[in-house]
Amino acid sequence: ETSHAGKKVPAYDQKYYSRFKGKDVEINVYNWGEYLSTGEDGLMDINAEFEKLTGIKVNYSNYETNEGMYAKLKSGANSYDVIFPSDYMISRLIQEKMIQPLNYDNIPNFKYIGKEFLYPAYDPKNLYSVPYMWGRVCIIYNKKLIGHEIHSVDELWNAKYADKILMFKNSRDAFALALEKLGYDINTENRKELDQAAELLKQQKPLVQAYVMDQIFDKMQRNEALIAPYYIGDYYIMKEVNPDLEAFIPQNTNIYYDAMCIPSDSAHKEAAEMYINFLNEPQVAADNAAFIMYSSPNSEAVKLLDDEIREDKNLYPPKEELKNTQAFVNLSEETNLYVDQLWTDVLSQDDAYLDWVMPVFVLFSVLVLLINSIRKRRKKEMNNAGRRKNDK
Amino acid sequence: MRNDIIVSLKNIAAEYDGERVIDHLNLDIRNEEFITFLGPSGCGKTTTLRIIGGFVDPVEGDVFFDGKRINGLPPYRRHVNTVFQRYALFPHLNVFENVAFGLRLKKMPSEQIQKKVRAMLELVNLAGYENRNINQLSGGQQQRVAIARALINEPKVLLLDEPLGALDLKLRKEMQIELKRIQQALKITFVYVTHDQEEALTMSDRVIVMRNGEILQSGTPQDIYNEPANAFVADFIGESNILSGVMHKDYLVEFAGVLFECEDAGFEPMEAVDVVVRPEDIDVVPLEQGKITGRVEDIIFKGVHYEITVSGHGFNWLIHSTDSQTVGEMIGMTLTPNDIHVMRKMEEKK
Amino acid sequence: MRNDIIVSLKNIAAEYDGERVIDHLNLDIRNEEFITFLGPSGCGKTTTLRIIGGFVDPVEGDVFFDGKRINGLPPYRRHVNTVFQRYALFPHLNVFENVAFGLRLKKMPSEQIQKKVRAMLELVNLAGYENRNINQLSGGQQQRVAIARALINEPKVLLLDEPLGALDLKLRKEMQIELKRIQQALKITFVYVTHDQEEALTMSDRVIVMRNGEILQSGTPQDIYNEPANAFVADFIGESNILSGVMHKDYLVEFAGVLFECEDAGFEPMEAVDVVVRPEDIDVVPLEQGKITGRVEDIIFKGVHYEITVSGHGFNWLIHSTDSQTVGEMIGMTLTPNDIHVMRKMEEKK
Amino acid sequence: MNSKQAAYPYLMWTVVFIAVPLGLIMYFAFTDMQGSLSMDNLIRAGRYSSVFIKSIWLAAVSTALCLIIGYPVAYLMSRMQGIGSRTLLMLLMLPMWMNFLLRTYAWMTLLENNGIINHMLGFLGIGHLNMINTQGAVVMGMIYNYIPFMIIPLHSVMVKIQNDVMEAAQDLGAGPREVFTKIVLPLSKPGIKTGVMMVFVPAVSTFIISQMLGGGHNQLIGDIIEMQFLGNAYNPNLGSAISLVLMLLVLMCMSVSGFLDDEGVEERLL
Amino acid sequence: MILIIFSFNDTKGRTFTGFTIKWFVQLFHDAAALDALWTTIVVALVSSVIATVMGTAAAIGLEKMDTKLKAVVMNLTYIPIINPEIITGVSFMLLFVTAKKWLATMGIDFQFGWATLILAHITFNVPYVILNVLPKLRQLDQSLVEAAMDLGCNPMQAFLKVTIHEIKSGIVAGFLMSLTFSMDDFVVSYFTTGAKHQTLSVMIYAMTKKRISPEINALSTVIFIAVLAVLVTVNLLERRNEKRLKQGSLKWKGGAAR
Ligand SMILES: Nc1ncnc2c1ncn2[C@@H]1O[C@H](COP(=O)(O)OP(=O)(O)OP(=O)(O)O)[C@@H](O)[C@H]1O
Ligand SMILES: Nc1ncnc2c1ncn2[C@@H]1O[C@H](COP(=O)(O)OP(=O)(O)OP(=O)(O)O)[C@@H](O)[C@H]1O
Ligand SMILES: NCCCCNCCCN
Ligand SMILES: [Mg+2]
Ligand SMILES: [Mg+2]
């Protein structure tokens, strides 16, 4: 046993972790950006530590959103071994057989996961996922510059903050906010409700300075923007740099669970499971949680956290505070497509469009190309003929 | 006849980057004259032309046109047009539009342009080529377009900078005749630049021989050829035997170790001179009749004549003769007084 | 002397893109001969040379080299080297390496190469230029390198395709002499191509006049000049007055409406013939002494002589004379029988 | 015969890596996710016609500005001799060698509300300008990134305009203005064509500039395509359909302008 | 111009405000960054070399090809140059995904990575080589090749000893251009990169989507200095060459005057 921040933690199981030593195994880990401790502030550089411990090389890359990750996976371009999708996305991946059941025997540290996180709605039999972090969506704002506290999602639509508002750059989170404001279920499949939400987002658009994900850090820290919805954990990172920031967590906000999964086409499942297991080593999970400031489902790790963090009401709230929060569930395929479409429309803002425009354009341009090339050839021939005649 | 002079350069000097390339040049060009600048590369022919054209400002001296001083007048205000060495045709315009360029600038009505351009193309033998692209023309044809383009502005003076330099021999001969014909037909002053002495002699009313930014001699082709002002001109103007000699007294010169009567006078007694003898002026005579004798070293058949190299009296004599000789044979040569051109030694210019 | 023939073309025909450019050409080239192809542009001179060099395969006929048929043998296997029109020196190699190129390919030992290259550069007067870059040489020097490069392979036959075409007049004259000297020194067969008749006459042992892929005449320069086979050759070989005439009987020809004695015989009675008179053969005499008379239309001073155009008897006579005349004056002209060259009318080839 | 074979590997290559991929775009554009023939994607692409128009508009504006700024620069450079013009060319190329993303990123920090420019403006008392995440910023980014593509072809055409052609025009009576309108301008037309094309095409299809400087609400057609392949709305069929339309658009511009007809395009493309 | 310098001043300025060289140190210890740099260089070098060889060969073949086929191939060649990059990228992605699926049915595991990057980069590089070499071939004096053969070279020797020297500048220019475009490329790499290795551009792109780390500024500074150094050296070398040439020709002029 070693000690961590003055508390006892179990040592790594060297035998287990040395299974792949010297075998030149590499795993591709695909995670959200800013979602793993990189070893600053005296915390652990988790990937380096893992590589050192196991001899497995980690190819680590990042995505911005669930949907982006899904697209990358779906496109088939790359194979990954560990991914970190959120709740609704896990359902979708299960449904589309894009992730595979885990062998929990290879993940002994699964035992540290708090009971309340087992058998989640998105993976009811708990076959595919190991919870990673969880949290709630909040509204982050610059109290000093705004001048008062904020108590409502509506403030995101407040024209006073025009061009100082940031907004989610992914469809589910963005729609969730609009639906919350409208008082609808964030998982609604009702097209009318979704249309209204889209309408609301379009109304908001002129006020929005930018649609962002992690670029929010920079913008909020440097007072580029005044108000933005984001994930509560990240708020703490920003606040560290810019103490003027405050967070407001609406009652009915979105609660999210990100978990670790293994895509179906993973070539190194066992090594991937080892990685997942490693992330659940209490001291690893603790360092990680302290670094990214998200709420960890690893109860052993939580114990290792500084009290200040562990007792933070925003990160580890009492149960009753969560009762009005809403979690995402996967939507039907049609709704997914429909939301994607609405979302693209929001960003590109197109109201009236005509079905025939593009087919007609394609025909037209093909015609123009043809005519033009024929015309050119004819001209060339005439030119040549003319020259010949002249030469005689 | 002061009136007859169209362009006059007075005491002109020109510099590039502070280096003087034309030095105190004086020249009057008469109306309707075909005047040619002849000289080796870099002697300042182009520069002189560009001074007249307005592309180079002289650092000293005055340029007069029709009696008026025109220093500083930009090219587009001068009644002078230029045919550039590399034609400088406008590649984006066809033959017609190239020729019409100047007229269009003058906003002449379209039909009139049509008529004039056609007439001009007729003149340069390019009727029917109106719609050709420039790059579809041969060198000679391009040259003619360049001439037509310049002439259509009815300049009083046409400047031509080695207009035939890029053409091959045959075409050059043809174009020489063509140019002369045009000049005579239009009665325009032509100021012509070449470094080909045959071309200069063939075409010009007057030839200006230049060297190092100076005029060495100015005169009719015959003057220049027959009475070269110095050995440089003599050598440049045709094949010559140039010997060092000594003027014993008027009408008596010594060279190649022999005393010859000559037609020249006015030298210091025993002044060192250059003697020029044209190859075709040397008569071959039987050995015993020869005032000078030598051994035939080489004979080349040239069609019209044989070119014979004879060594004798410490000199390699070049002789043009219609009769052949035998290599290795000794022959005699004679010269009549008027075959001998005595000239002052030229002081070398740095 | 069958043995004496080094290259022999038998019934050669060549085509480009199905178009025939050489038609049933027969030619024997003797060892150590300086033979020149002369003819207007496009007549097939280069093509003939390329057939010998192995760059063009004849579609018909045989090429013999030293008695062996060599059709199809690639250029790098032939004992023939070529001096290309634009030198075709290797710009990435210096003078030495250019000349050494062929030897290096033969893997000759280095010192031997050194020695041979030096000797060769000596021969072409380029000793000391070994390390010069090609583009630091004047045209004439480049030409010499090209010759050295070809000669170092000790070819039995050297092909030269207008080797002096790109040089200016003065340099060309120099190089002509140089080439002739080299050929005589090395005793190699030179097959030379030019379209400059003076060059052909000056240098060659034998001149082949071509037109439209055919040989019109083959003979010594004097033969060709003095006894042109037809009006085309006569015209091509020098400036000529060519008139249509009628052969009344042997030694009597009528042209320009006048009967002349001549030295030609063997024609049909009253056969239509071409009559060629060289401009320098026409003697200008006082009007009343002239067998033909005419009006002086134009006089051009050419340095050595005046070129006089005289119209009379329905013809524009070209006369070269050392005496000037006055434009507009009537003059008389006479011809001696040996000034008159009577030749069969050439059947026009399509 | 022999040397012709040297091109065969490349011929194969063009088929596999140029023709086939374009064929695949076509195939995807006309099929649905299940792989059956469908016009839906193309029809759906119509939804983005306003994005097309916006992309074309922004690209056109940037192209025009590039031309207006680049033309005099190229002209001056072409008339300069030796060291001057080379140094200028080098200065021009310098940012080009810088990574494209870093360049754009640098602009991001420049244009920010609390960026250098606003600081300077504030310092000068002009006040505060909202620049980042506007269309202006996107146009700015396009100009900055693509102006070398305008200047280089213009320059390469202009250096070929010989002085004596301009002198000839003067000689024939053309004053400075006429020399420009009648000689320089028409002779640099091929360069203008190439430059316009070389700026317009990347500008109309960019997705980085709009993302980094446009704040995500100035979506251009490139963003939409990217979104369908690797972004928030996975739909390669729709993405292909939009790509196809974009490609045709570019081809049509090129065909109509006769972009590839002029001599020496090759050199100007480089 | 001012803007360029200014913008870099700015980035540098931000780097140096307070943080000093810490970020540089970190940059050089960042395995991912180093790996990206390595990947970028390998991909650029390999693809440029292959593109140069293939492009040169192609140009030689094309020059001899009959005009119709040549026109078709040339049109295909222009495509990667004038097609919007994103379409090139997307079409490669489709191609490789299709290939991957197809190969998988045959039991071959094919992953996006160096191979796809290199293949894609070769494809957009070859046209630049061809367009650089073709004009040189066209200018090539055919009689040089003939002269070589005349002097005893077989066709292959003629190519190696003469042709290649004549078109060298085109080949080198094509290679350098390929190298530059390859190093600078983002869009195509973005669509063809694998999970294991990313190019510098892709990495930078990912960086811009994260919390801004001063590392990116450090990186800008490093690249800027590197580029500046390369350009200045090239420029100086060129200038010296030019001077030498000038002197050479002066010497020659002097020689002629003698
Ligand atoms: N633009 C220029 N800058 C500097 N020096 C020049 C320039 N143009 C000409 N010179 C120099 O001026 C002198 C005269 O040049 P000019 O062009 O008048 O000679 P040229 O007689 O026309 O020669 P060529 O027969 O070669 O055309 C030469 O020494 C030349 O080097
Ligand atoms: N590569 C070729 N392809 C097609 N036709 C050709 C080719 N080379 C020459 N010709 C044609 O063959 C004919 C003879 O050409 P050749 O080059 O032998 O003439 P030439 O006598 O050398 O002319 P020049 O004096 O102009 O060099 C000409 O009509 C020419 O147009
Ligand atoms: N910076 C990393 C953010 C990860 C947040 N996951 C939230 C998922 C919400 N649906
Ligand atoms: Mg000149
Ligand atoms: Mg020829």
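So you know, we letter chains A, B, ... as the sequences are listed, proteins then strands, and number each from 1.
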Query raised in the report: What residue in E/T88, E/V187, E/D185, E/I204 has the most heavy-atom pairs under 4.5 Å with chain D?
Result: E/I204
Report summary line: Bottom line for D/Q228: the part with an atom under 4.5 Å from chain E's heavy atoms is neither
**Report entry** OH/D/Y27: more than 12 non-hydrogen atoms of other groups inside 6.0 Å
**Finding:** no
Query raised in the report: For chain D, which of E/V73, E/L119, E/I79, E/V72 has the most heavy-atom pairs under 4.5 Å?
Result: E/L119
Query raised in the report: What is the distance from atom CD1 of E/I167 to atom OG1 of E/T56, rounded to the nearest 0.5 Å?
Result: 6.0 Å
**Report entry** Part of D/T104 within contact of chain E (heavy atom distance under 4.5 Å)
**Finding:** neither
Query raised in the report: Relative to chain E, which segment of D/M197 carries a heavy atom at a distance below 4.5 Å: side chain, backbone, both, or neither?
Result: neither
Query raised in the report: Are the side chains of E/L140 and E/E63 in touch, meaning some heavy atoms are under 4.5 Å apart?
Result: no
Report summary line: Whatever's closer than 4.5 Å to a heavy atom in chain E on D/I25 counts as both
**Report entry** Winner by heavy-atom pair count (cut-off under 4.5 Å) against chain D, out of E/L69, E/T98, E/T180, E/V90
**Finding:** E/V90
Query raised in the report: Under the side-chain hydrogen bond (donor to acceptor under 3.5 Å, both in side chains) test, which residues partner D/N235, sequence neighbours left out?
Result: none
**Report entry** Student check: side-chain heavy atoms of D/F200 and D/C253 closer than 4.5 Å
**Finding:** yes
Query raised in the report: Measuring heavy-atom distances to chain D, does E/I130 have an atom under 4.5 Å in its side chain, in its backbone, in both, or in neither?
Result: side chain
Query raised in the report: So which of D/M108, D/E226, D/M212 has the biggest tally of heavy-atom pairs under 4.5 Å with chain E?
Result: D/E226
Report task. Assign the ring pair E/F96 / E/F112 to parallel, tilted or perpendicular, where the plane angle (0 to 90°) is split at 30° and 60°. Result -> perpendicular
Query raised in the report: Of all of E/L76, E/L62, E/D184, which one pairs up most often with chain D through heavy atoms under 4.5 Å apart?
Result: E/D184
Report summary line: When the 4.5 angstrom heavy-atom criterion is applied to D/F207 and chain E, the contacting part is side chain
Query raised in the report: Of all of E/T208, E/I122, E/L200, which one pairs up most often with chain D through heavy atoms under 4.5 Å apart?
Result: E/I122
Requested in this report: Please assess E/Y205 against D/Q211 for the test side chain to side chain contact (heavy atoms under 4.5 Å, CB included), listing each intermediate value before the final yes or no.
Outcome: CA-CA 11 Å; E/Y205 180 70; D/Q211 273 182 18; 2.7 Å; yes
Query raised in the report: Which class fits the ring pair D/Y144 and D/W107: parallel under 30°, tilted 30 to 60°, perpendicular over 60°?
Result: perpendicular
**Report entry** Contact class of D/F28 relative to chain E, heavy atoms under 4.5 angstrom
**Finding:** side chain
Report summary line: Checking heavy-atom separations under 4.5 Å from chain E, one finds in residues 242-251 of chain D D/S243, D/L246, D/M247, D/V250
Report summary line: Greatest number of non-hydrogen atom pairs under 4.5 angstrom with chain E, of D/V201, D/V16, D/V20, D/V15, falls to D/V201
**Report entry** Between E/H121 and E/S178, a side-chain donor and acceptor under 3.5 Å
**Finding:** no
Query raised in the report: So which heavy atom on E/M65 is nearest to which on D/A7, and how close?
Result: CE-CB, 3.6 Å
Query raised in the report: Is the backbone of E/V129 close enough, under 3.5 Å, to the side chain of E/N132 for a donor and an acceptor to pair up by distance?
Result: no
Report task. Examine distances only and state if a side-chain atom of D/N41 and a backbone atom of D/T31 form a donor-acceptor pair shorter than 3.5 Å. Result -> yes
Query - Under 3.5 Å side-chain donor-acceptor pair for D/N99 and E/S201 - result: yes
